[in-house]
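Here is the structure we will look at.
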Amino acid sequence: MRERLEELRRHGLAAVEGASDEDALRAQEIQLLGRNGALTVLLRELGSVPAEQRPQLGAAANQIKDALAAAIGARREALRQASLQRELSGAGFDASLPGPPLPSGGLHPLTRVSRELEDLFTSMGYRVLDGPEVETEEHNFDALNIPQDHPARDAFDTIWVTPPGSGAARGGAVCLRTHTSPVQVRALRRFGAPLRAIAPGRVFRQETQDASHDHTFHQMEGLVVDRGVGVAHMLHAMHALLEGLFGRQLETRLRPGYFPFVEPGFELDARCPFCSGGCRVCKQSTWVELMPGGLVHPNVLRACNVDPEVYSGFAFGLGLSRIAMLRYGIDDIRWMLSGDLRFLSQFPA
Ligand code: DAH
């Protein structure tokens, strides 16, 4: 028994020293000290040696166990140091291996749709304009032929910054713009006619949120003012927009619509791009509302110092949020501004 213990010590220490890496060392450790390892097997046999020899042999076995454990610990540390040295010295470092993948961001669906439409319209000679999100009552309403007592104001659930009608002069009040239409006014006053412009941006309304309403959403205004502009020009622009969005020409229909800043005013519908016989998106009607528009009201032109006897124009107001939802099959507008990565990461670069 004693000899076998001695043999185990010698053989064990040599094996530990000879382990060339951490895996080999671990294998040795299991073989020597593991639950079914050599030492355990010997200790089990201890029960069959004469009782008077047991304490001595037991003590010897424990010594060997400690010695082996210490040797394993030392060897492990030595192997670690060696591998660290190797890494630090650059040997074994392969600079041609690909690095860990870096997560990359994507473009928000609204940004995508907006940029696509900006490209399309700039290619047709439109300029892309911007306007303030905090807007005066005068730009947001009065100049658009919606005077203070006009019933159409109620439709706009406005978020007022200062009370409507307040301020030194009439129109001195301030609100969060309820639509992108005030950019029409700013653009015409600044650049005059003729003018072709689109204006994408955020708008705000006091809305109860649900799957299709949010207090903050996106629109894109379109405006063309020139001599002799009529409904046919408006339809052409709308069809170009549609084709740009859906990649094909969809059947459309024009319904009368009322907006104080256009006369006549229309609603453009298109055949549902997702079905032929009715689906959830078109609410079984096979038509989807795409955008309102019309010929710019002479009062609006006048308010912008453009002579309605010389110039005419059309305007439309595209619901960008809704269009992005249609385009990407997004079923709840609240995802748009949620900032939720589970949503956003579905639109990789
Ligand atoms: N500004 C309107 C809204 O937000 C949409 C609109 C309708 C814009 C007709 C237009 C237009 O330019 O001609 O409800």
Side-chain angles (χ1 to χ4, degrees), residues 117 121 126-133 135-147 150-159 175-189 193 195-207 212-226 229-239 241 252 254-270 288-301 303-304 306 308 311-324 333:
L117 291 177
F121 278 98
Y126 289 60
R127 30 167 115 213
V128 180
L129 297 178
D130 209 2
E133 294 176 343
E135 189 52 287
T136 64
E137 181 178 18
E138 201 268 334
H139 286 102
N140 196 80
F141 293 114
D142 301 70
L144 287 168
N145 199 32
I146 321 174
H150 198 290
R153 280 211 184 186
D154 296 343
F156 283 108
D157 307 308
T158 310
I159 299 172
C175 63
L176 299 188
R177 69 175 176 189
T178 58
H179 49 177
T180 44
S181 301
V183 185
Q184 290 187 33
V185 178
R186 291 183 174 272
L188 273 180
R189 286 182 182 167
L195 179 69
R196 272 182 249 182
I198 54 166
R202 275 203 303 185
V203 303
F204 311 86
R205 290 190 199 172
Q206 204 143 27
E207 292 272 12
S212 44
H213 297 90
D214 206 346
H215 48 67
T216 304
F217 54 102
H218 288 69
Q219 292 188 334
M220 193 185 80
E221 198 75 12
L223 175 71
V224 169
V225 175
D226 208 333
V229 171
V231 174
H233 300 95
M234 178 189 80
L235 279 176
H236 176 266
M238 287 175 161
H239 284 139
L241 190 160
T252 56
L254 217 47
R255 287 180 290 124
Y258 172 70
F259 304 92
F261 31 93
V262 283
E263 178 57 38
F266 303 100
E267 288 277 1
L268 184 82
D269 299 340
V288 285
E289 269 184 40
L290 274 184
M291 67 189 122
L295 297 189
V296 181
H297 197 289
N299 286 350
V300 175
L301 293 176
C304 301
V306 173
Y311 290 102
S312 58
F314 67 81
F316 58 84
L318 185 72
L320 261 195
S321 304
R322 224 180 72 80
I323 290 293
I333 193 171

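Each residue takes its place number in the sequence, starting with 1. Values below: all heavy atoms of this structure, side chains included; hydrogens, waters and symmetry mates excluded. Atoms within each ligand, like the ligands themselves, are counted from 1 in listed order.
- When heavy-atom distances to ligand 1 are checked against a 4.0 Å cut-off, F261 comes that close only through its side chain, counted from C-beta outward.
- Of all atoms in ligand 1, numbered sequentially from 1 with element shown, those under 4.0 Å from a heavy atom of G293 are 9 (C), 11 (C), 13 (O).
- Ring pair F261/H179: centre-to-centre distance below 6.0 Å.
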Give the C-alpha distance, both sets of side-chain angles, the deciding distance and a yes or no for salt bridge (charged side-chain N to carboxylate O under 4.0 Å, His left out) between D142 and R153.
-> CA-CA 10 Å; D142 301 70; R153 280 211 184 186; 3.1 Å; yes
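- Close N/O approach between P292 and ligand 1 is not found [any backbone or side-chain N/O within under 3.5 Å].
- Every heavy atom of M291 sits 4.0 Å or more from the atoms of ligand 1.
- For H236, the NE2 atom sits in a loose shell: 12 or fewer heavy atoms of surrounding residues, nucleotides or ligands are nearer than 6.0 Å.
- With ligand atoms numbered from 1 in the order given, ligand 1 contributes 13 (O) to contacts under 4.0 Å with heavy atoms of G294.
- Residues G230 and L295 share a closest heavy-atom pair of C-CD2, 3.8 Å.
- In summary, the atoms of ligand 1 found under 4.0 Å from a heavy atom of Q219, numbered by their order in the structure, are 3 (C), 4 (O).
- In the model, D157 has no side-chain atom that pairs as donor or acceptor with a side-chain atom of T178 under 3.5 Å.
- Residues V183 and A199 come closest through the heavy atom pair CG1-CB, 3.5 Å.
- Those atoms of ligand 1 that come under 4.0 Å of a heavy atom in R205, given as number and element, are 3 (C), 4 (O), 14 (O).
- Heavy-atom proximity to S181, at under 4.0 Å, picks out these atoms of ligand 1: 1 (N), 8 (C).
- E137 has no carboxylate O lying under 4.0 Å from a charged side-chain N of R177, or vice versa, which leaves the two without a salt bridge.
- Atom numbering of ligand 1 starts at 1 in the shown order; those under 4.0 Å from a heavy atom of Q184 are 12 (O).
- At a 4.0 Å heavy-atom cut-off, ligand 1 touches A315 through backbone and side chain alike.
- Among all heavy-atom pairs drawn from V203 and T180, the shortest one is CG1-N, 3.7 Å.
- Per-residue contacts place E221 under 4.0 angstrom from the following atoms of ligand 1 (heavy atoms of the residue considered): 8 (C), 10 (C), 12 (O).
- Residue-to-ligand polar distances keep T178 apart from ligand 1: every N/O pair is separated by 3.5 Å or more.
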